[in-house]
Chemist: 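A single structure is presented below for examination.
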Amino acid sequence: MPDLRELLSGQAPEVAPGLLGWRLSHTTSEGTVSVVLTEVEAYQGGDDPASHAFRGLTPRTRVMFGAAGHLYVYRSYGIHWCANVVTGEEGCASAVLLRAGRVVEGHDLAHHRRGERASERSWARGPGCLGQALGLSAAQDGADLLRGGSLVLTPGAAPAPELVDRGPRVGVSRAADVPWRFWVRDDPTVSSYRRSSRAAG
DNA sequence: AGATAGATGGAT
DNA sequence: TCCATCTATCTG
């Protein structure tokens with residue numbers, strides 16, 4: 001059996017595309033929702049001006065500096081909960097933002113959480129939507145994804161390399177052209193690209 | 001202490 | 001293009 005922790009201990013830009021096709025499941029009293037990842041973005045701590053960890057360790061970014069295989073959850077725009085898989089060695093704030101996925105378990109619950117008006121392909125389309133579909137919040141910050149708890153990350157069938165596209169990250173104003181976003185080509189659950197209005201250039 | 005920009009998403 | 005909603009971080 002492969003050592004997933006070791007697999008995730010590489011740097012985010014290298015680990016990220018390999019997470020496409022992996023499955024993340026969250027079980028609560030309401031039930032279980034699982035998604036298969038279709039879009040991810042790499043953030044490279046100290047060297048990456050777009051990373052929350054660029055300015056060092058703070059209470060918010062503590063989890064990112066920890067061991068690989070844990071979940072870093074943060075509040076976005078005061079509204080959404082977004083989740084990252086922590087990668088890299090301990091002390092290195094490397095992480096992969098989970099931007100989108102396809103719901104493969106718990107359709108009714110995911111639909112309910114996202115609102116009756118949401119279409120199936122939009123249930124986990126975009127990091128805020130993915131967090132909402134899975135029922136994530138601050139309570140999941142720091143959760144170990146490899147210990148068989150209520151949150152579990154499991155390897156899945158990777159898309160063929162020629163079906164993985166890459167490009168600039170969405171919404172970042174600094175390092176706006178670094179191509180560290182990876183997605184499954186032509187997958188309808190992948191979010192649409194929006195460049196930050198503050199991005200240079 | 002006050003300002004502000006932000007790894008978004010949905011409506012207009 | 002605008003706005004909801006909030007907080008980490010920057011500035012003075």
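All values below come from the heavy atoms of this structure, side chains included, with hydrogens, waters and symmetry mates left out. A note on names: the letters A, B, ... follow the listed sequences, proteins ahead of strands, and every chain is numbered from 1.
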Chemist: Atom CG of A:Asp48 to atom P of B:dG6: distance rounded to whole Å?
Modeler: 14 Å
Chemist: Round to the nearest Å and state the distance from A:Glu39 atom CD to B:dA7 atom C1'.
Modeler: 11 Å
Chemist: For A:His52 and A:Tyr74, what are the C-alpha separation, side-chain angles and deciding distance, and is it a ring-ring contact (aromatic ring centres under 6.0 Å, His included)?
Modeler: CA-CA 10 Å; A:His52 292 163; A:Tyr74 71 94; 4.6 Å; yes
Chemist: Measure from the side-chain heavy atoms of A:Val170 and tell me the nearest of C:dC10, B:dT8, C:dC6.
Modeler: B:dT8
Chemist: Centroid distance below 5.5 Å plus an interplanar angle below 30 degrees: do A:Tyr77 and C:dA4 meet both conditions?
Modeler: no
Chemist: Rounded to the Å, how far apart are A:His52 NE2 and B:dA5 C1'?
Modeler: 11 Å
Chemist: Can you figure out which of C:dT9, B:dA7, B:dT8 approaches the side chain of A:Ser76 most closely?
Modeler: B:dT8
Chemist: Please determine whether the number of non-hydrogen atoms from other residues, nucleotides or ligands lying under 6.0 Å from atom CZ of A:Arg147 exceeds 12.
Modeler: no
Chemist: Hey, does the side chain of A:Arg174 come within less than 4.0 Å of B:dA5's phosphate (OP1/OP2), counting only N and O?
Modeler: no
Chemist: Under a plain distance cut-off of 3.5 Å, with no hydrogens placed, do A:Thr38 and A:Arg102 share a side-chain donor-acceptor pair?
Modeler: no
Chemist: Between A:Val96 and A:Gln132, which has a closest nucleotide on DNA chain B that is more 5'?
Modeler: A:Val96
Chemist: Give A:Arg117 one of three labels, base, sugar-phosphate or nothing, depending on what nucleic acid heavy atoms sit under 4.0 Å from its own.
Modeler: nothing
Chemist: Closest approach to the side chain of A:Ile79, judged atom by atom: which nucleotide of C:dT5, B:dA7, B:dG6 is it?
Modeler: C:dT5
Chemist: Does B:dA7 pair with anything, Watson-Crick or G-U wobble, both distances under 3.5 Å, and if so, with which nucleotide?
Modeler: none
Chemist: Can you tell me, in whole Å, how much space there is between the P of B:dG2 and that of C:dT5?
Modeler: 23 Å
Chemist: Taking only the side-chain heavy atoms of A:Arg198 (C-beta and beyond), determine which of B:dA7, C:dT9, B:dA5 contains the nearest atom.
Modeler: B:dA5
Chemist: Take the protein atom CE of A:Met64 and the nucleotide atom C1' of C:dA8, then report the distance between them rounded to whole Å.
Modeler: 12 Å
Chemist: Are any of A:His80's side-chain N or O atoms less than 4.0 Å away from OP1 or OP2 of B:dG9?
Modeler: no
Chemist: Paired with C:dC10: which nucleotide, if any, by Watson-Crick or G-U wobble criteria at under 3.5 Å for both distances?
Modeler: B:dG2
Chemist: For A:His112, does the NE2 atom have more than 12 heavy-atom neighbours from other residues, nucleotides or ligands under 6.0 Å away?
Modeler: no
Chemist: Starting the side chain at C-beta, find the nucleotide from C:dC6, B:dG9, B:dA7 nearest to A:Arg194.
Modeler: B:dG9
Chemist: Please confirm whether any donor atom in the side chain of A:Arg60 sits under 3.5 Å from an acceptor in the base of B:dG6, or the reverse.
Modeler: no
Chemist: Is any side-chain N or O of A:Tyr74 under 3.5 Å from a base N or O of B:dA7, one able to act as donor and the other as acceptor?
Modeler: yes
Chemist: Quickly work out the A:Arg169 CZ to B:dT8 P distance and round it to whole Å.
Modeler: 11 Å
Chemist: Rounded to whole angstroms, how far apart are CZ on A:Arg62 and C1' on C:dA8?
Modeler: 16 Å
Chemist: Is a donor on one side and an acceptor on the other found under 3.5 Å between the side chain of A:Ser51 and the backbone of A:Asp48?
Modeler: no
Chemist: Crowded around A:Glu6 CD? As in, over 12 foreign heavy atoms under 6.0 Å?
Modeler: no
Chemist: To the nearest Å, how far apart are A:Arg195 CZ and B:dA7 P?
Modeler: 14 Å
Chemist: Check every atom of C:dT9, B:dG6, B:dA7 against the side chain of A:Thr58 and return the nucleotide holding the closest atom.
Modeler: C:dT9
Chemist: Just the rounded figure in Å: distance from P of B:dG9 to CZ of A:Arg99.
Modeler: 6 Å
Chemist: If you pin A:Arg114 and A:Leu97 to their nearest nucleotides in DNA chain B, which one's is more 5'?
Modeler: A:Leu97
Chemist: Looking only at the side chain of A:Ser173 (C-beta and beyond, no hydrogens), which of the listed nucleotides B:dG6, C:dC6, C:dC10 gets closest?
Modeler: B:dG6
